[in-house]
Amino acid sequence: WNEAAELARQHGDPTVEAFALRGLGDTWLDQADTARAEPLLKRALSVLERSPSVTPERLAIAIDSLAALYRAENKLQLAEQLWMRELTIDRTVVGEDHPQTAIVKGRLADALSVMGDYDSAKHYAAEAVDSMKSHFGDDSMATGSALVNAGFVEERANHIEAASRMYEKAYRILRSGGADAEFLSFIAARRYSFVLTRLHRGREAKEIAAQAKALKVAAAFHDK
């Protein structure tokens with residue numbers, strides 16, 4: 001990535017330079033090394049912002065990477081600002097109900113719910129679920145994933161009954177998705193078990209917890 005960025009600089013190609021910088025930054029972020037990732041992702045976005053030929057789509061991708069870094073660093077207000085900026089771009093470029101717009105809404109909902117803005121978080125999470133249902137169907141993995149996110153929002157707001165309903169739906173969808181959905185199924189099952197315990201539905205909680213454990217083992221096996 002470093003070599004690609006240097007070659008791009010030498011040839012005066014800011015788009016390729018930013019792509020290489022973001023690639024390296026995302027690599028460090030995937031390894032949870034935010035200290036190395038942050039200057040690279042900031043630089044990638046800065047390069048694109050100065051380029052008159054950059055497309056909105058490429059700018060949105062760079063914004064998203066930096067927002068994800070800030071979310072990992074728990075710099076929630078910075079993450080929110082960037083995802084709002086990306087959301088504005090996506091609404092203009094691909095439309096309000098496009099899956100990419102829905103993904104950004106889900107990420108924004110996550111950050112807002114951690115910040116305690118539950119009403120806004122629930123609004124964006126619900127819109128993300130509706131968009132995924134509209135494009136991929138009620139029983140798609142995309143819808144299941146959006147429901148897991150909506151469940152997290154409800155749980156953080158201490159709306160445990162609502163969280164239980166979200167996780168139950170998500171788990172029903174994702175557990176039929178096979179190996180591709182095992183990790184998400186595990187997340188849905190684990191959270192569903194936890195909220196069932198809080199609702200004093202201990203027998204059901206134990207059953208789901210056992211299924212979650214099996215899914216965790218299966219996901220780890222397939223990762224190998």
Study note, to complete from the structure: So CG of Leu78 and OH of Tyr70: to nearest 0.5 Å the spacing works out to 5.5 Å

Exercise for review: Report the distance from atom OG of Ser145 to atom CD1 of Ile173, rounding to the nearest 0.5 Å.
Suggested key: 10.5 Å

Check your understanding: For Glu86, which residues count as a salt bridge (charged side-chain N to carboxylate O under 4.0 Å, His left out) partner, sequence neighbours excluded?
Key -> none

Review point. Are the side chain of Ser193 and the backbone of Arg190 linked by a donor-acceptor contact shorter than 3.5 Å?
Key: no

**Study point:** Rounded distance [0.5 Å steps], CD in Glu96 versus CZ in Arg91
**Key:** 4.5 Å

Point to revise | Main-chain N/O of Val47 paired with Ser51 side-chain donor or acceptor, under 3.5 Å | key: no

Point to revise | Cluster link Ile103 to Phe183, ILVMFWY, side chain under 4.5 Å | key: no

**Study point:** Exercise: identify the closest heavy-atom pair between Thr197 and Ala205
**Key:** OG1-CB, 3.3 Å

Check your understanding: Can you name the nearest heavy-atom pair linking Pro56 to Ile89, along with the distance?
Key -> O-CG2, 3.6 Å

Review point. Just wondering, do Val129 and Lys133 contact through their side chains at under 4.5 Å, heavy atoms?
Key: yes

Review point. Are Phe152 and Ile187 close enough that some pair of their side-chain heavy atoms sits under 4.5 Å apart?
Key: yes

Study note, to complete from the structure: Note: Leu69 and Leu41 closest approach over all heavy atoms is CB-CD1, 3.9 Å

Study note, to complete from the structure: One should read off an interatomic distance between Leu66 CG and Ser46 OG, to the nearest 0.5 angstrom, of 11.0 Å

Review point. Heavy-atom distance under 4.5 Å between the side chains of Val114 and Arg71, does that happen here?
Key: yes

Check your understanding: Looking only at heavy atoms, which two atoms of Lys105 and Ala128 are closest? And how far apart?
Key -> CB-CB, 4.3 Å

Check your understanding: How far apart are the closest heavy atoms of Ala170 and Gly144, and which atoms are they?
Key -> CB-O, 3.5 Å

**Study point:** Pairwise distance CG(Leu40) to CG(Leu24) - rounded to 0.5 angstrom
**Key:** 4.5 Å

Practice item. Please list all pairs passing the salt bridge (Lys or Arg N to Asp or Glu O under 4.0 Å) test where one or both residues lie in residues 25-41, with sequence neighbours left out. Key: Arg22-Asp26, Asp33-Arg36, Glu38-Lys42, Glu38-Lys75

Review point. Just by distance, do the side chain of Tyr118 and the backbone of Arg156 share a donor-acceptor pair under 3.5 Å?
Key: yes

Review point. From Ser65 OG over to Leu21 CG, what is the distance, rounded to the nearest 0.5 angstrom?
Key: 11.5 Å

Review point. Can you tell me if Ser185 uses its side chain to pair, donor with acceptor, with the backbone of Leu174 under 3.5 Å?
Key: yes

**Study point:** Shared hydrophobic cluster for Ile63 and Leu29 (ILVMFWY, side-chain gaps under 4.5 Å)
**Key:** yes

Practice item. Could you check whether the rings of Tyr171 and Tyr192 sit parallel, tilted or perpendicular, using 30° and 60° as the cut-offs? Key: tilted

Check your understanding: So Glu127 and Asp130, side-chain contact (heavy atoms from CB on, under 4.5 Å) or not? Walk me through it.
Key -> CA-CA 5 Å; Glu127 286 194 347; Asp130 289 343; 5.6 Å; no

Exercise for review: Could you tell me whether the side chain of Tyr124 reaches within less than 4.5 Å of the side chain of Leu87, counting heavy atoms only?
Suggested key: yes

Check your understanding: For the hydrophobic clusters of this structure (ILVMFWY residues joined by side-chain heavy atoms under 4.5 Å, transitively), does one cluster hold both Phe136 and Met166?
Key -> no

Review point. Without hydrogens or angle criteria, can the side chains of Ser134 and Ser131 be said to hold a donor-acceptor pair below 3.5 Å?
Key: no

Review point. Arg191: what forms a salt bridge (charged side-chain N to carboxylate O under 4.0 Å, His left out) with it, not counting sequence neighbours?
Key: Glu155

**Study point:** Transitive ILVMFWY side-chain link Leu82 to Leu112, under 4.5 Å
**Key:** no

Review point. So, are Glu80 and Arg85 salt-bridged, with charged N and O less than 4.0 Å apart?
Key: no

Review point. Tell me, which pairs form a salt bridge (Lys or Arg N to Asp or Glu O under 4.0 Å) where one or both residues lie in residues 51-60, sequence neighbours left out?
Key: none

**Study point:** Of all pairs that satisfy salt bridge (Lys or Arg N to Asp or Glu O under 4.0 Å), the ones with a partner from residues 199-208, not counting sequence neighbours
**Key:** Arg201-Glu204

Exercise for review: Determine yes or no for a side-chain-to-main-chain donor-acceptor pair under 3.5 angstrom, with His135 supplying the side chain and Asp97 the backbone.
Suggested key: yes

Practice item. Could you state whether Met132 and Met141 fall into the same hydrophobic cluster, counting links through intermediate Ile, Leu, Val, Met, Phe, Trp or Tyr residues with side-chain heavy atoms under 4.5 angstrom apart? Key: no

Practice item. Not counting sequence neighbours, list each pair that qualifies as a salt bridge (Lys or Arg N to Asp or Glu O under 4.0 Å) and has a residue in residues 166-175. Key: Asp139-Arg172

**Study point:** Closest contact, heavy atoms only, Tyr167 versus Val148
**Key:** CE2-O, 3.7 Å

